Amino acid sequence: MIAKVYSIVPFGFSGALVEVEGDMNHGLPAFNVVGMANKTINEARDRVKSALVNSQFSFPTEKITVNLAPADLQKDGTYLDLPIALSVLLLSQQLSPLDTKGRIFVGELSLEGSLRPIHGIVNIVETAKNLGFKEVFLPMENLSQASLISGINLVGINNLTELFLILKGQQSPSSPKTIVKKTKTDEHGPLLDGIKGQELAKRALSIAVAGHHNILISGPPGAGKTLLAKTSLNLLPDLTPEEQIPLTKLYSLLSSDCGVIRKRPFRCPHHSASSVSILGGGSDIIPGEISLAHLGVLFLDELPEYPRAVLESLRQPLEDHEITITRAKNRVIFPANFMLIATMNPCPCGFYGDPTKTCTCSPSEIKNYQKKLSGPLLDRIDILINVQKVPTSSLSISNQPTTSEHAVVKNKISGAIARQHARYKDPYASNSSLTSSETIKYIKLEPSAEKLLRSAADNLELSARSFFKTIKVARTIADYEGQEVVKTEHISEALSYRLDQTKNSFITSGKPKKTLARTPKI
């Protein structure tokens with residue numbers, strides 16, 4: 001007799017169907033699992049046997065072979081404990097094939113027969129729906145995450161006995177307990193109201209958030225670079241229900257108890273992090289920091305301190321908004337549509353160009369420090385600004401603003417984002433995501449603005465990428481100001497955010513250049 005139970009295991013950013021086949025023959029008692037199963041799945045034999053016996057089911061005393069098809073797919077994890085247990089119940093005729101037909105079963109078993117949550121449940125349920133299955137049985141603790149996927153019946157179960165009674169029609173599924181899990185992004189971060197001075201930096205950051213532009217902030221220690229970066233999370237709009245699905249999929253691949261991700265991520269990996277932890281990969285190919293920052297912010301503090309190989313590997317994700325990880329037999333694509341916010345000191349000691357402290361770095365040290373950031377990487381950053389320390393006279397706490405600067409800025413950002421969605425007829429499009437052809441199609445410049453841009457492109461030797469990035473930043477500035485046409489002042493301000501880079505003096509300049517007009521007011 002052959003018993004068949006269907007299950008799904010996570011595979012990259014989706015899932016793969018697994019057919020659990022069971023066969024029972026006369027012979028010495030044995031329980032074997034075949035089909036490219038790793039040690040974790042081979043250990044399922046003991047978990048399944050104990051779970052069945054402790055749940056008052058009989059375990060056959062014959063030779064049982066369980067095959068996990070397709071046999072060329074590497075299986076890992078504890079997802080298949082439950083379908084293996086059901087295949088044994090089918091072989092021993094304690095369940096009939098009609099009880100499991102057309103259903104997906106996933107879950108890890110404890111020795112007493114209860115079900116534990118698993119990783120990647122959103123991937124599993126989404127794959128089941130795409131394959132045409134109508135019902136998925138899963139651990140109760142995974143039910144809240146799985147409920148993000150609509151159009152498929154989900155049954156949360158607590159233990160083997162409950163599942164048996166439900167399949168036999170002797171019990172109705174129990175109602176799930178409402179559990180609200182907090183994530184790190186649930187905490188309230190700093191607001192613009194708490195930052196004194198730095199009007200230019202706050203405006204540049206607001207423009208970057210409004211258009212989803214990458215930004216690099218340079219300045220001496222204590223200038224407020226990190227604080228500025230952390231305010232970005234509270235300037236971003238809330239996640240939509242549709243955006244919660246891919247984020248929860250990514251986080252559920254790493255943790256079974258992360259809950260539903262309802263806040264935009266703010267990831268800040270340390271500069272000692274490995275390339276695999278930042279980009280993703282490993283033996284199981286899991287998402288890295290750039291994917292966990294999807295639809296949120298990736299904050300790289302002290303950018304030159306990161307290994308050069310790691311920084312250079314960011315070039316493709318910054319351009320394509322996804323990361324492709326290739327192994328000998330596997331190829332996985334994870335989304336990586338993040339906003340990069342990076343900070344750095346102007347030199348190793350941090351005080352090059354500072355009017356109050358003398359830099360102690362040698363010219364060669366400064367030069368080597370600058371070389372850690374390549375031209376192609378800087379070319380992919382839309383906004384580059386220098387900041388200086390705020391005078392202590394501006395740090396008075398006695399005069400508090402009567403209106404919330406943060407609320408005003410966030411409203412303007414929300415308006416700019418809404419204009420972009422309406423213009424491109426896409427609820428997820430932004431100015432920074434436009435291709436060159438789309439930039440020409442959608443963004444129109446005033447004749448004087450186009451003349452200024454072309455003149456500046458020749459004089460500053462802008463690359464083609466920088467040329468179009470300037471147009472997109474100018475479009476965001478116009479959206480931020482509520483204007484339909486890109487004017488000269490918008491191009492001028494956008495160019496000022498790239499001037500230092502084009503002259504190869506972004507790092508070494510103590511103060512921002514004033515060749516072109518800026519608009520510091522918010």
Side-chain angles (χ1 to χ4, degrees), residues 184-238 263-268 296-303 339-346 350-351 353-357 381-417 473 476-477 480-481 493 496-497 500 506 509-512 518-522:
K184 292 182 179 179
T185 55
D186 286 335
E187 302 173 359
H188 295 291
L191 305 178
L192 286 178
D193 299 332
I195 301 177
K196 306 297 182 181
Q198 302 294 12
E199 300 303 318
L200 174 62
K202 288 191 284 188
R203 177 174 175 84
L205 180 65
S206 303
I207 298 298
V209 172
H212 204 263
H213 299 288
N214 303 316
I215 182 172
L216 174 59
I217 307 172
S218 174
K225 304 186 297 295
T226 302
L227 184 61
L228 278 165
K230 289 182 177 180
T231 61
S232 62
L233 186 59
N234 284 321
L235 293 173
L236 288 166
D238 295 334
K263 299 286 185 178
R264 293 191 184 273
F266 184 90
R267 307 293 298 189
C268 45
V297 174
L298 177 67
F299 176 45
L300 300 183
D301 199 10
E302 301 301 334
L303 189 64
M339 173 185 169
L340 174 65
I341 300 181
T343 65
M344 61 177 292
N345 294 325
F351 296 105
D354 191 280
T356 59
K357 290 190 177 182
I381 298 177
D382 305 31
I383 297 176
L384 306 99
I385 59 171
N386 283 288
V387 296
Q388 293 297 314
K389 283 185 179 179
V390 178
T392 54
S393 59
S394 302
L395 301 178
S396 173
I397 61 175
S398 58
N399 297 324
Q400 296 294 334
T402 56
T403 59
S404 173
E405 177 187 15
H406 188 91
V408 173
V409 170
K410 188 166 184 177
N411 285 337
K412 297 181 74 172
I413 290 174
S414 299
I417 293 174
V473 172
T476 300
I477 297 170
Y480 186 79
E481 298 296 341
E493 183 178 355
S496 70
Y497 294 139
D500 296 314
F506 171 70
S509 59
K511 295 182 179 180
R518 295 182 186 245
T519 310
K521 295 182 180 180
I522 295 180

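Values in this document were obtained by computation on a predicted structure and should not be read as measured data. Both backbone and side-chain heavy atoms feed into the values below; hydrogens, waters and symmetry mates do not.
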To the nearest 0.5 Å, what is the distance between CD1 on Ile195 and CG on Leu228? 4.0 Å
Is the backbone of His406 close enough, under 3.5 Å, to the side chain of Asp193 for a donor and an acceptor to pair up by distance? yes
Under a 4.5 Å cut-off applied to non-hydrogen side-chain atoms, are Pro221 and Asn345 in contact? yes
Looking only at heavy atoms, what is the nearest atom pair of Met339 and Ile215, with distance? CE-CG2, 4.4 Å
Which residues pass the side chain to side chain donor-acceptor pair (under 3.5 Å) test with His212, sequence neighbours left out? none
Taking all non-hydrogen atoms of both residues into account, name the closest pair between Ile381 and Leu216 and its distance. CG2-N, 3.7 Å
Given Val409 and Tyr480, is the side-chain contact (heavy atoms from CB on, under 4.5 Å) satisfied, shown in steps? CA-CA 9 Å; Val409 170; Tyr480 186 79; 3.6 Å; yes
All heavy atoms of Ser232 vs all of Val297, minimum pair found to be OG-CG2, 3.8 Å
Whether the side chain of Gln198 engages the backbone of Gln388 through a donor-acceptor N/O pair (distance < 3.5 Å, no angle test) should be reported. yes
Drop me the distance from Ile217's CD1 to Thr226's OG1, to the nearest 0.5 angstrom. 8.5 Å
Less than 4.0 angstrom from a charged side-chain N to a carboxylate O is my criterion; do Glu481 and Arg203 meet it? yes
Does Phe299 have any ring pair (Phe, Tyr, Trp, His ring centres under 6.0 Å) partners at least two apart in sequence or in another chain, and if so, which? Phe266
Please find the pair of heavy atoms, one from Ala210 and one from Ile417, that lie closest to each other, and give the distance. O-CG1, 3.6 Å
Out of curiosity, Leu205 CG to Thr231 OG1, how far, rounded to the nearest 0.5 Å? 4.5 Å
Would you say the side-chain atoms of Lys225 pair up with the backbone N or O of Pro220, donor to acceptor, closer than 3.5 Å? yes
Heavy atoms only: give me the nearest Leu192-Ser206 pair and the separation to one decimal. CD1-OG, 4.3 Å
Asn234 and Pro190: which non-hydrogen atoms are nearest, and at how many Å? ND2-O, 3.3 Å
Quick one: does any side-chain atom of Arg264 pair with a main-chain N or O of Leu233 as donor and acceptor, under 3.5 Å? no
Please determine whether side-chain contact (heavy atoms from CB on, under 4.5 Å) holds for the pair Cys268 and Asp301, giving the CA-CA distance in whole Å, both sets of side-chain angles, and the decisive distance to 0.1 Å. CA-CA 7 Å; Cys268 45; Asp301 199 10; over 6 Å; no
Judged by atom type as modelled, is there a donor-acceptor pair below 3.5 Å linking the side chain of Asn214 to the main-chain atoms of Asp382? no
